[in-house]
Every structure is written in C-alpha cells, then in structure tokens.
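Counting begins at 1 with the first residue of the sequence.
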Amino acid sequence: MVEQRMRNRGLDSTDGRILRLLVENARASFRDLGEAVGLSAQAVTQRMRRMEASGVVRGYTVLLDPELEGTPWHAVVHVNTAIDVDAPTMEEGFASIPAVVEVLDLAGTIDYEVRVKGRTQAELYEAVQLIRLLPGVTSIETRIIMRRVLKR
C-alpha cells in the first residue's frame, strides 16, 4: 500500500529511505543521507529538491519547549458541530483564531480536535470562548495539557 502511494507520487525505494531518515533526524546532512542510502551528497540534493518542489516534503520545523515560547498554557478542545455545518467555513473560523495551532478533523463522536495555546490562562480562556461562538458549534470539551509524555 505504501509502496503504491510512493510510486503514484514518483518516488522510489531510495526516496522512501531518505524520507524515513529525515523523519528520524531532519537535520541530517545530504552527505550523511547519501552515505546511508549509497548515493552522493549531490544526488541526495537533487532528490530532495524534487521532493520539495512536488510537495512531498513540505517543510522543516523546530519544536521548542512551550515555556521558552512564552506560551506555557496549552489545551485540547474537542468540538462537535451541527450535522449541516459547512466544513470549509468552520475550518476558516478555527484558522482565524490566533491561539489555534492545530486542527484535526476526526471520525467518531468528536468532529474536531483543536489545539490552542496562550501565554496566560486568560488568553487560553478567550480562545476557547471564540471557538464556542463559531457558527455551527454545538458543544465543546476542553482539556488542559499538563505535560507532554511522548512525541514522535
């Protein structure tokens, strides 16, 4: 299944190995990646440029300790919506709230999981209230994140 999806995107098994290595360490050099997969640094560079241009690799990121960001308050908001809610409009509403950092469209009894952050408890409260007021929201349940146990 994964192999078929990779072929559909124009990727071969070497591209797959490079991507797996980057998921483990996005700071790996092209030289190190090349050594691991049996290619030159220049060949890896060309493959990476192709994968970036095609949208397979969409970016690189750094995850900071929330306290260093100055946003020690994080919460997950479970959102249920009306059956006839317009999903693109709802999702634009989430995106318009500055404290929203991630939105997941879920299957099951919860429609959306929205992660919010704030520098203060009051900012977090305001973000949750803005979510509550979005047209089509029928209920929410908010959980404060106490600590991160595992991140892969």
Side-chain angles (χ1 to χ4, degrees), residues 1-30 33 36-37 44 47-152:
M1 178 84 114
V2 172
E3 292 82 15
Q4 181 62 41
R5 286 193 305 250
M6 286 181 53
R7 281 194 298 277
N8 290 345
R9 300 289 300 266
L11 303 173
D12 61 20
S13 62
T14 302
D15 291 326
R17 291 192 338 248
I18 291 170
L19 292 172
R20 280 189 292 281
L21 290 166
L22 283 172
V23 167
E24 291 174 19
N25 178 9
R27 295 186 62 193
S29 71
F30 292 156
L33 293 169
V37 300
V44 172
R47 284 174 179 262
M48 287 304 304
R49 285 187 181 142
R50 178 178 43 82
M51 289 189 282
E52 289 169 352
S54 70
V56 170
V57 174
R58 296 182 182 178
Y60 306 87
T61 188
V62 173
L63 299 174
L64 298 177
D65 180 331
E67 289 188 28
L68 291 176
E69 288 182 79
T71 54
W73 290 92
H74 288 243
V76 173
V77 182
H78 291 164
V79 178
N80 286 312
T81 62
I83 193 108
D84 61 346
V85 74
D86 181 61
T89 301
M90 176 63 62
E91 292 160 11
E92 287 173 17
F94 293 138
S96 72
I97 301 170
V100 171
V101 295
E102 182 177 34
V103 178
L104 302 172
D105 185 353
L106 305 177
T109 59
I110 298 167
D111 295 315
Y112 291 98
E113 182 171 287
V114 181
R115 184 170 172 183
V116 296
K117 68 178 183 177
R119 288 185 303 272
T120 65
Q121 190 173 6
E123 283 183 13
L124 198 59
Y125 177 82
E126 180 181 338
V128 171
Q129 295 311 307
L130 290 171
I131 292 169
R132 182 186 313 276
L133 294 173
L134 290 173
V137 170
T138 58
S139 67
I140 68 168
E141 185 174 324
T142 304
R143 292 189 164 96
I144 301 292
I145 298 172
M146 303 301 288
R147 66 186 177 99
R148 177 178 287 156
V149 176
L150 176 66
K151 172 76 175 182
R152 291 188 187 189

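Between Val77 and Glu141 the shortest side-chain heavy-atom distance does not fall below 4.5 Å. Proximity of Ile97 to Val114: side-chain heavy atoms (C-beta onward) are nowhere separated by under 4.5 Å.
A pairwise comparison of heavy atoms in Asp105 and Tyr112 identifies CA-CD2, 3.9 Å as the closest pair. Scanning all heavy atoms of the two residues, the minimum distance from Gly10 to Asp15 falls at O-OD2, 4.1 Å. Taking both residues in full, the closest heavy atoms of Gly93 and Leu134 are given as CA-CD2, 3.8 Å, listed atom of the first, atom of the second, then distance. Taking every heavy atom of both residues into account, Gly118 and Leu124 meet most closely at N-CD1, 4.3 Å.
For Ile83, the CD1 atom is loosely surrounded, since the number of other residues' heavy atoms within 6.0 Å does not exceed 12. Enclosure of atom CD in Glu91 by more than 12 non-hydrogen atoms of other residues, nucleotides or ligands within 6.0 angstrom is indicated. Residue Arg50 qualifies as enclosed at atom CZ: its count of foreign heavy atoms under 6.0 Å is above 12.
Within the structure, no pair that satisfies the ring-ring contact (aromatic ring centres under 6.0 Å, His included) test touches residues 115-140, not counting sequence neighbours.
Judged by distance alone, the side chain of Glu123 and the main-chain N or O of Arg119 form a donor-acceptor pair under 3.5 Å. Under the 3.5 Å distance criterion, the side-chain polar atoms of Arg17 are matched with a main-chain donor or acceptor of Val37.
At a threshold of 4.0 Å, the pair Arg47-Asp12 counts as salt-bridged, since one of the basic side-chain nitrogens sits closer than that to a carboxylate oxygen.
One side chain, Thr81 or Asp111, offers a donor N or O that lies under 3.5 Å from an acceptor on the other.
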